[in-house]
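Here's the structure, in structure tokens; my notes come after.
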Amino acid sequence: QVQLVESGGGLVQPGGSLRLSCASSRSFFSIYRMAWYRQAPGNGRELVAALSSGSNTNYADSVKGRFTISGDNAKNTVYLQMNSLKPEDTAVYYCNAEVITGGVTGVYWGQGTQVTVSS
């Protein structure tokens with residue numbers, strides 16, 4: 001079982017920045033992939049950014065050049081730096097972790113943190 005604790009959400013003006021944090025109860029040594037998803041009211045949950053082994057990253061086209069996902073191995077924490085925020089970025093952001101135990105992949109979610117971009 002993996003516990004994910006998110007923080008950093010809030011209200012920001014268009015063009016502003018926020019940094020989301022997700023602290024994992026499990027060491028990054030055993031986490032195959034960490035990612036951020038988001039879900040706006042009435043919409044499905046979509047992938048925003050992912051970080052996997054070898055520091056490989058993957059971003060949704062809508063956030064490329066604006067968002068950066070990174071990890072701190074010492075703190076077992078993944079971050080999502082969000083710059084040049086747009087109202088369209090408003091959503092609940094969820095931290096996600098995939099772990100491999102005994103050859104089986106487990107998927108875990110954080111509780112979600114609200115990001116609101118509005119003037």
Side-chain angles (χ1 to χ4, degrees):
Q1 190 173 11
V2 178
Q3 291 179 288
L4 303 173
V5 180
E6 301 167 337
S7 62
L11 175 65
V12 66
Q13 296 184 25
S17 299
L18 283 175
R19 188 179 73 164
L20 306 183
S21 299
C22 175
S24 172
S25 65
R26 182 173 294 216
S27 170
F28 275 12
F29 288 111
S30 61
I31 296 178
Y32 177 78
R33 172 185 181 267
M34 295 196 73
W36 288 95
Y37 289 74
R38 67 185 181 187
Q39 186 169 14
N43 296 335
R45 191 169 298 184
E46 63 177 353
L47 175 67
V48 177
L51 177 67
S52 58
S53 62
S55 297
N56 295 314
T57 58
N58 186 32
Y59 297 94
D61 289 340
S62 60
V63 306
K64 286 182 178 178
R66 299 189 297 120
F67 291 10
T68 302
I69 187 170
S70 62
D72 187 327
N73 292 338
K75 297 180 179 179
N76 295 325
T77 299
V78 65
Y79 304 96
L80 184 66
Q81 179 66 47
M82 304 184 293
N83 299 325
S84 301
L85 283 162
K86 305 175 181 179
E88 304 91 271
D89 296 317
T90 296
V92 178
Y93 284 71
Y94 297 91
C95 183
N96 166 268
E98 294 184 3
V99 301
I100 301 177
T101 304
V104 178
T105 300
V107 180
Y108 301 89
W109 295 94
Q111 78 285 353
T113 184
Q114 177 71 48
V115 172
T116 302
V117 185
S118 176
S119 60

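You'll find the side chain of Asn96 reaches within 4.5 Å of the side chain of Arg33, heavy atoms only. Looking only at side-chain heavy atoms (C-beta outward), Glu6 and Tyr93 stay at 4.5 Å or farther from each other. Looking at Val78 and Trp36, their side chains come closer than 4.5 Å, going by heavy atoms from C-beta outward. Residues Val117 and Met82 fail the side-chain proximity criterion, which asks for heavy atoms closer than 4.5 Å. Leu11 is listed as a side-chain neighbour of Ser118, based on a closest heavy-atom distance under 4.5 Å.
In this structure, Tyr37 and Trp109 have perpendicular ring planes: the angle between them is above 60°, well past the 30° mark.
More than 12 heavy atoms of other residues, nucleotides or ligands lie within 6.0 Å of CD in Gln39, so this atom counts as buried by the packing criterion.
Residues Ile69 and Met34 share a closest heavy-atom pair of CD1-O, 4.0 Å. Across every non-hydrogen atom of Pro14 and Ser119, the tightest pair is CD-N, 3.6 Å. Closest heavy-atom contact between Asn83 and Ser17: OD1-OG, 2.9 Å. Between Thr77 and Ser21, the shortest heavy-atom distance links the atoms CG2-CB, 4.3 Å. When all heavy atoms of Gln114 and Thr90 are compared, the pair lying nearest together is NE2-CG2, 4.0 Å. Nearest approach of Tyr94 to Gly110, heavy atoms of both residues: CD2-O, 3.8 Å.
No path of Ile, Leu, Val, Met, Phe, Trp and Tyr side chains, each step under 4.5 Å between heavy atoms, connects Val92 with Val115, placing them in separate hydrophobic clusters. Note on Tyr108: it does not cluster hydrophobically with Tyr79, by side-chain heavy-atom contacts below 4.5 Å among ILVMFWY residues.
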Notebook entry, point to check: Hey, mind stepping through Arg38 and Val63 against side chain to side chain contact (heavy atoms under 4.5 Å, CB included) and telling me if it holds?
Noted result: CA-CA 12 Å; Arg38 67 185 181 187; Val63 306; 4.0 Å; yes
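Note that NZ of Lys75 and OG of Ser24 are 15.0 Å apart. Values are rounded to the nearest 0.5 Å. Rounding to the nearest 0.5 Å gives a distance of 9.0 Å between OG of Ser84 and CZ of Phe67. To the nearest 0.5 Å, atoms OG1 (Thr68) and CG (Leu51) are separated by 11.5 Å. Rounding to the nearest 0.5 angstrom, the gap separating the OG1 atom in Thr116 from the CG atom in Asp89 is 11.0 Å.
Electrostatic pairing of Asp61 and Lys64 counts as a salt bridge here, judged by a charged N lying under 4.0 Å from a carboxylate O.
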